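A short worksheet on the structure shown next.
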Amino acid sequence: MVEALNLALKQEMKKDPSVLLIGEDVGIDGGVFRVSDGLINQFGKERVIDTPLSESGIIGAGIGLALSGMKPICEIQFSGFIYSGLEQLISHAARMRWRSRGRFTCPMVIRAPNGGGVKALEHHSEAMEAIFGAIQGLKVVMPATPYDAKGLLISAIRDPDPVLFLEPMRVYRAFREEVPEEEYTIPIGKAAVVNEGSDVTVVTWGAMRWLCEKVISAHGDKASIELIDLRTISPMDFETILASVQKTGRCVIVQEGSQSFGVAAEISARLMEKCLLNLQAPVERVTSPDVPPPYLRGEMLTLPSEERIWRAIEKVLNF
Amino acid sequence: MVEALNLALKQEMKKDPSVLLIGEDVGIDGGVFRVSDGLINQFGKERVIDTPLSESGIIGAGIGLALSGMKPICEIQFSGFIYSGLEQLISHAARMRWRSRGRFTCPMVIRAPNGGGVKALEHHSEAMEAIFGAIQGLKVVMPATPYDAKGLLISAIRDPDPVLFLEPMRVYRAFREEVPEEEYTIPIGKAAVVNEGSDVTVVTWGAMRWLCEKVISAHGDKASIELIDLRTISPMDFETILASVQKTGRCVIVQEGSQSFGVAAEISARLMEKCLLNLQAPVERVTSPDVPPPYLRGEMLTLPSEERIWRAIEKVLNF
Amino acid sequence: MSLVENYNPLADPIYQVMDENGMVNEALRPAGLTDDLLLQMYEEMVLTRMADDKVNKLQRQGRMGTYPSMQGQEACQIPIAHNLKKEDWVAPAFRELGIMMMCGVPLVDIYRYWGGFESGSKMPKGVNVLPVSIPVGSQLLHAVGIAWGLKLQKKSGVTVPFFSDGATSTGDFHSALNFAGVYRTATVFLCQNNQYAISTPRAAQTASRTLAEKALAYGFNGIQVDGNDVMAMYAVTKDAIEYARGGGGPVLIEAVTFRQGPHTSSDDPKKYVPAGEREMWMKKDPIARLQKYLQTKNLWSEDLQKEIDVRGAATVEKAVAEYEATPSVQIDELFDYVHAELTPDLAEQKAALQKALYK
Amino acid sequence: MSLVENYNPLADPIYQVMDENGMVNEALRPAGLTDDLLLQMYEEMVLTRMADDKVNKLQRQGRMGTYPSMQGQEACQIPIAHNLKKEDWVAPAFRELGIMMMCGVPLVDIYRYWGGFESGSKMPKGVNVLPVSIPVGSQLLHAVGIAWGLKLQKKSGVTVPFFSDGATSTGDFHSALNFAGVYRTATVFLCQNNQYAISTPRAAQTASRTLAEKALAYGFNGIQVDGNDVMAMYAVTKDAIEYARGGGGPVLIEAVTFRQGPHTSSDDPKKYVPAGEREMWMKKDPIARLQKYLQTKNLWSEDLQKEIDVRGAATVEKAVAEYEATPSVQIDELFDYVHAELTPDLAEQKAALQKALYK
Ligand SMILES: Cc1ncc(C[n+]2csc(CCOP(=O)(O)OP(=O)(O)O)c2C)c(N)n1
Ligand SMILES: Cc1ncc(C[n+]2csc(CCOP(=O)(O)OP(=O)(O)O)c2C)c(N)n1
Ligand SMILES: [Mg+2]
Ligand SMILES: [Mg+2]
């Protein structure tokens, strides 16, 4: 996925001279995950800029850059360090269009690696996408594949409004996939039906998609599983979920982050409202518990596992 | 409610010399809502302290005060200005006990007026309690009555862990209620069944409680409405909700904040998991739409109204 | 070396051109600052005070929302407008009726904002003034980002964020000045030290002797100016803006002034302003001071004042009339500007709300 | 007037007692700094480097997590411990193995933390060292808050937050120093300017000439010290800590040093450190420098070094053995410390997880 993101950045920067990259160590270092590797050589120090260490500064100055006519891509080194920038994100980036009735806008992308499972240090494995979903005026995107990463990042860069682009670290180098050299976009706000099935719908996003695919590989003979990759957290493509659950009557939501107040709750609540009568079983959530992400020794204990996912599927099938 | 909070502060500060109040304008001004009125005269400048204007500073230094053996009550002037302090709140206050396996703890209260409906300025009417609920290790409390405000604030001050105490501004001066002079506590994590009923359960919290009570006054003859005031957002007293909905088979959740990714979604998802078969109708959410809180001219357009609440009740009753 | 470069904030006295009695140190008076211009600024300051006071009055009658009056800070704002070009940007906090109006924001829109209509922040095209920014200190970064963006685009343009003493304590103040120093943006930070952040006095906000010297921590200079001296404010901002425009980098200006009114219409300064402090500052009132000078020069008369007052009242009344005719807030505008396009969720919620409200 | 009060960060040269060749300016050498103490600190620095290097080795073998080595910064940490009392507090960032070990955190616990066991942060009772703080700059406020709390409780105690150049750009640095200035807390801010924040050089972090001078913005003093000079570090921190303990207020110390290794085990400094820079700094290595001095004084010999190495290796190996015997992380501890008591939700989730994992 790292290469796909790098390619998307390169192509958009080449195409649109107003696109620039700012963040901690995005320049000569190419970002701690090498997502911006080589870009400073190609585009120079005025388009790929190492900033002082301040997330609020990066987002706040990014807003100014956007207001000045540029399209900043702001890198937050890990989503667990975005918090000090939330005032700028919530109160300004996401509200400038609304506040000014369209007179001022903030076309900008805030990229951040997200989630755990890579034996990283404390605070480097946060999966708090639900709190970002709650921000009015902000789009929240999370690709799960290299192909989607490229297409969605290009869409995010071209979007006229701020987009928080969360990159599942666990997928950065785990999956190799040939990504087309040519430009393409994947629309923000559209989920993907990754696997068609008729017995149960599994909804997920980010790195959890790969666990779900493994579950399908392992148990596909026992049940016909429809797998939906949300791709965009907000605005959510509920239509696709609804159509699927209306068909299958059963749904399991797999979420990397903690259980309570998560994205899964929102999906479940919407299913409650829109298709209660179609449900053959309660919608199940497979999530991490409501504890901070453990460090590397313990993180696999709390992260959803293939086994827990399969059990939840069994549970709704046997309800 | 302002007087009840003031009384709780006064009594706890008198009783426990380690309790102190810090924040912007909490001193001689007594807080912009006068919650700390007179305390500086009674307890002096070393216990009621005006800080420089930095929410991160208030919470971060508050953590240090707690570590030093004090019990700081940190006032954030409005919950819409807490964002720059979220790194301290999420990554430190709420995790210090967990991180140090109990060696260091942060007994502290973060108070903040919350919610709209009082014709306040931009950013002064946020109802983002859901994002605080998503913080592991943090308790989130929101009283709806003067009586509860006093009892819950005393509990929060005595709690061995950080408590975010959200005070519904709309209730500050709207309701007069005699509050006992003597000390009493209301347990954190316990909802209140405010009105017993058998046809439908209405779950709410904060200022919305009063709208719901009005709905009951107006329409109590048409339906037997059980009203639950959550009082604590997290940890949630789902047991009380479950018992009620198992009885009534119908539930409407009334939430002041925006619809998506809110507290109501979590409640609905839990009902889905725990009592699907008891439900006679889909759980309904009555909320603000997913737009920023409008300014004073428009805020009543988007806030839940008695009429919208009653219609939702009618809808689940007639399902 | 420019005035601003020359100043040592650690040692030099506060910069003043005209003293409290309207006596001018002519040596410090910049070339362009003619008596005509002073007369014009006098009228603008009077108009600002009238326009500001009108909001207070409307507020007391329930026709306006909570309002932070800028009375006493007129000289911190009016002269800056005369030193700005069309290409420049202003990023106000919330106590900036004067500079906003001077830079082309229609008074009616300012009234609309404080009256609770979001449409008040829809600035006219070509007016480079950002909307009011309530989260204290946050707008500084926007100003820095804009200046940085203009520089990267090889465009000319100076940005001027306005803020007050309380804002200097925020993390965003630090980030903004630090980014400005590193990228040498053309940003003139205009701190109106009005002695209070709500009830918190300047001394409780920070232990540095001046706010101006904080600039040194970011590798550029700061200057402390008498913010009630319209001539000094004109001279210093002219110099700072030219310096920034010429590529010199950022400057921090601490304009020492006083908030003559309450923090907002819901505040009571009697609770916390020590006896005599306001009276002391009233003697330094920026408008009265300029009037004294104009009087010495025989440029002011009671008749002139009447004319000015009449013209001002007309301007204000026209804006009030327009303001009061503002159509009520519509559901449409609350939903349609969240994103460039309505999302499916918002479309559904909007339809539902419209149905609920209007059946 | 104390050394720290006397220093002018805007004008004075970097404070040094012992130069790169181990030559000492005896006039600046403080009383307590005996040769015995230097010998002791020499051994402590060597041990620190061995203990630190061991993590690198274990990391490469997959027996440790990502690790930020402190190699080169030993003189910024070891002497401070000798100037602290039991009542004092240390708030480390993440590159502080040396000061943590010196202040009583068992080496095995430091290893546990970096090895991915939360239990490593359960400091022994009476050890006033906060856990590692990863969010850059955040721990400064805790140190200020503790000092403030002690002061309010009329207790004695100095707090010392450790951080590096990158942290000076954070909003929390600003808030922490500002609060410290306002409340005159007994806080000695120890900035190890190791020239880099990951790949970002000091010059890109801020435009001020020194980091020490940033203190002025908060109404207290700062001093720039040679952070590879253990004598200077001893002298300056002794003075600063005494000054703070005596009620003088906070001090900012900029210890100029160099991160000899990569940012962490997942970083490659060859990508960004200019040719020759590391070599230049290696010549200033704090341990080698002290060794030169000891040699001149005939206090060092190959035999002694062998003894020191053997003792150090034993300490390190013992800690490694204990570390490797750490019991695996249990579900219990992941749930039981979220709050003082398990909430009903957590109890339910814990039971469910235990069932799922262990059937
Ligand atoms: C981040 C933030 N915290 C708190 C507030 C509430 N508040 C509004 S104005 C104000 C004081 C501002 O003081 P100062 O910066 O000196 O501006 P002045 O009011 O003097 O113009 C405060 C605390 C806010 N708007 N933003
Ligand atoms: C708030 C925050 N942003 C980003 C990071 C990621 N990160 C870890 S260390 C580091 C650089 C720190 O530089 P410095 O303060 O100089 O400390 P040093 O590594 O030199 O010890 C960064 C950006 C972080 N830990 N915290
Ligand atoms: Mg002020
Ligand atoms: Mg560093």
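Chain letters run A, B, ... following the sequence lines, proteins first and then strands; every chain starts at 1. Please read all numbers here as calculations on a predicted model, not as lab measurements.
At a heavy-atom separation below 4.5 angstrom, chain C is approached by no residue within residues 243-261 of chain D. Residues of residues 201-217 of chain C lying under 4.5 angstrom from chain D, judged on non-hydrogen atoms, are Ala204(C), Gln205(C), Thr206(C), Ala207(C), Ser208(C), Glu213(C), Lys214(C), Leu216(C), Ala217(C) by number. Applying a 4.5 Å heavy-atom cutoff, none of the residues of residues 128-160 of chain D approach chain C. Inspection of non-hydrogen atoms places Asn178(C), Gly181(C), Val182(C), Arg184(C) of residues 177-186 of chain C under 4.5 Å from chain D.
Looking at Phe173(C), the atoms closer than 4.5 Å to chain D (heavy atoms on both sides) all sit in the side chain, from C-beta outward.
Here the closest heavy-atom approach between residue Ser175(D) and residue Ser169(C) is recorded as OG-O, 4.2 Å.
A donor-acceptor distance shorter than 3.5 angstrom exists from the side chain of His174(D) to the backbone of Thr168(C), with no hydrogens or angles considered.
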